[in-house]
Amino acid sequence: MVACADAWRDSGEILASPMGMVPSIGARLAKRTFSPDLVLTDGEAMTVRLDGEAEGWLPYRQHLTLVTGGKRHVMMGASQIDRHGNQNISCIGDWDRPARQLLGVRGAPVNTLNNPVSYWVPKHSARVFVEKVDMISGVGYDSAAAAGPSATRYHRIPRVVSNLGVFDFETPDRSMRLVSVHPGVTVDEVRAATGFDLVLPDGGEVPFTREPTPDELRLIREVIDPKGLREREVRPV
């Protein structure tokens, strides 16, 4: 959750759009600590205060203005994600006869081309982190570059967070890089659960993801998620 929260660190006054329980806790934690100007929503049509009470109306036209101007940072899930950040939430298998139908592309293409998008993957495996996605829903760096300047203007994937570690694309060819492993996880475990070769930091030393501060732990456990709903996504060790 703190790894997700750090995706919004020092973001200023932008709209946070987390999808899923852990990213939602992360966004609320960020606003309560190091990103106080972050704007939270109820996921539908209202901006909300820290206590969840409605603060203002967010009409669809205003929401679209934020999206197309890069003033929103989304954290989505991914059924598949590849080395350049292409994401799939549509189908598994060949398009003509997919083995599994998923959500569909939804707003993923527009999200990824018009505002920063990060990803949260609760179960890191080689079935999710694949060499090439079966269908592109969220646009990765290579696909955006191929489409030209209109696609790259606001395109950015700040980070990917999984239950094993944190990743970014700060490499010359925008390939996924392992930034940190969570405490108790090894680099070899992450590599074994990934379907492509990960780039390592310069020098090859991979640090541990920072642990939550005592105050962050208190906020998560007592204020933001006192019912422990986070454990539905990631079971406690």
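In what follows, residues are counted from 1 in the order of the sequence shown. If you're wondering where the values come from, they're calculated on a predicted model, not measured in any experiment.
- When atom types are taken as modelled, the side chain of E233 and the backbone of M21 share a donor-acceptor pair closer than 3.5 angstrom.
- Checked by atom type and distance alone, the side chain of D6 never pairs as donor or acceptor with a backbone atom of R9 at under 3.5 Å.
- The list of salt bridge (Lys or Arg N to Asp or Glu O under 4.0 Å) pairs with a residue in residues 164-184, not counting sequence neighbours, reads D168-R177, E170-R174.
- Linking Ile, Leu, Val, Met, Phe, Trp and Tyr whenever their side-chain heavy atoms come within less than 4.5 Å leaves V139 and I81 in two separate clusters.
- Note that the CZ atom of R83 and the CG atom of L198 stand 8.5 Å from one another [nearest 0.5 Å].
- Expressed to the nearest 0.5 Å, how far CD1 of I136 lies from CD of Q80 amounts to 11.0 Å.
- The backbone N or O of G165 lies less than 3.5 Å from a partner atom in the side chain of S162, making a donor-acceptor pair.
- I14 and M76 are not part of a single hydrophobic cluster, where members link through side-chain heavy atoms under 4.5 Å apart.
- Atom CG of L40 is separated from atom OG of S24 by 9.0 Å, given to the nearest 0.5 angstrom.
- Here the side chains of V190 and V185 are in contact, with some heavy-atom distance below 4.5 Å.
- For the atom pair CE of M75 and OG of S118, the computed distance is 4.5 Å after rounding to the nearest 0.5 Å.
- A donor-acceptor distance shorter than 3.5 angstrom exists from the side chain of D134 to the backbone of G93, with no hydrogens or angles considered.
- Residues N111 and R72 have side chains that bring a donor and an acceptor to within less than 3.5 angstrom of each other.
- In R106, the CZ atom is not crowded: 12 or fewer heavy atoms of neighbouring residues, nucleotides or ligands sit closer than 6.0 Å.
- No path of Ile, Leu, Val, Met, Phe, Trp and Tyr side chains, each step under 4.5 Å between heavy atoms, connects L102 with W95, placing them in separate hydrophobic clusters.
- R159 contributes a side-chain N or O that, together with a main-chain N or O of A3, makes up a donor-acceptor pair within less than 3.5 Å.
- Sorted by first then second residue, the ring-ring contact (aromatic ring centres under 6.0 Å, His included) pairs that include residues 166-211, not counting sequence neighbours, are H124-F167, F129-F167, Y141-F169.
- The two residues A108 and G138 make their nearest non-hydrogen contact at CB-N, 3.7 Å.
- Under the 3.5 Å distance criterion, the side-chain polar atoms of D215 are left unmatched by any main-chain donor or acceptor of R218.
- Judged by distance alone, with hydrogens and angles left aside, the side-chain atoms of S79 form no donor-acceptor pair with the main-chain N or O of I89 at under 3.5 Å.
- Considering only heavy atoms from C-beta on, L219 comes within 4.5 Å of T33 through its side chain.
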*What's the verdict on salt bridge (charged side-chain N to carboxylate O under 4.0 Å, His left out) for D225 and R230, showing C-alpha distance, side-chain angles and the deciding distance?*
CA-CA 7 Å; D225 184 32; R230 58 193 180 274; 2.8 Å; yes

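- For R156 (side chain) and V117 (main-chain N/O), no donor-acceptor pair under 3.5 Å exists by modelled atom type.
- Both V2 and V223 belong to a common hydrophobic cluster when Ile, Leu, Val, Met, Phe, Trp and Tyr are linked at side-chain heavy-atom distances under 4.5 angstrom.
- Residues R28 and L50 are not in side-chain contact: their nearest non-hydrogen atoms beyond the backbone lie 4.5 Å or more apart.
- Side-chain atoms of V187 and V181, non-hydrogen and from C-beta on, do get closer than 4.5 Å to each other.
- Considering all non-hydrogen atoms of both residues, M19 and V74 come closest at CE-CG1, 3.7 Å.
- In D202, the CG atom is not crowded: 12 or fewer heavy atoms of neighbouring residues, nucleotides or ligands sit closer than 6.0 Å.
- For the atom pair L229 CG and I224 CD1, the distance stands at 12.5 Å (nearest 0.5 Å).
- Minimum heavy-atom separation, A78 to Y119: CB-CD2, 4.3 Å.
- Between S150 and A147 the shortest heavy-atom distance is OG-O, 4.4 Å.
- Annotation: side chain of K132 is not in contact with side chain of V130 (no heavy-atom distance under 4.5 Å).
- If you take OG on S125 and CG on N163, they are separated by 9.0 Å, rounding to the nearest 0.5 Å.
- In terms of heavy atoms, A151 sits closest to L113 at O-CD2, 3.5 Å.
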*Evaluate the criterion side-chain contact (heavy atoms from CB on, under 4.5 Å) for residue pair K123 and V234; output intermediate values, then yes/no.*
CA-CA 8 Å; K123 295 181 180 179; V234 178; over 6 Å; no

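- Around CZ of R49, the count of heavy atoms belonging to other residues, nucleotides or ligands within 6.0 Å exceeds 12.
- In this structure the side chain of V121 never reaches within 4.5 angstrom of the side chain of V161, judged on heavy atoms.
- Here the side chains of L200 and V206 are in contact, with some heavy-atom distance below 4.5 Å.
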*Begin from the C-alpha positions of Q87 and V133 and carry the test side-chain contact (heavy atoms from CB on, under 4.5 Å) through to its verdict.*
CA-CA 7 Å; Q87 170 247 32; V133 297; 5.9 Å; no

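- Checked for salt-bridge contact, E216 and R210 meet the test: a charged N lies under 4.0 Å from a carboxylate O.
- Here the side chain of N114 pairs a donor or acceptor atom with the backbone of V110 at under 3.5 angstrom.
- Side-chain polar atoms of S143 and N86 form a donor-acceptor pair below 3.5 angstrom.
- Two residues are said to be in side-chain contact when any heavy atoms from C-beta on lie closer than 4.5 Å; V22 and W120 meet this criterion.
- Residue-environment remark: CD (E205) stays at or below the threshold of 12 foreign heavy atoms within 6.0 Å.
- M176 and D82 get closest at one heavy-atom pair: CE-O, 3.6 Å.
- Screening residues 7-32 for ring-ring contact (aromatic ring centres under 6.0 Å, His included), with sequence neighbours left out, gives W8-H73.
- A donor-acceptor pair is defined here as one N or O able to donate and one able to accept, closer than 3.5 Å; no such pair exists between the side chain of S35 and the backbone of L38.
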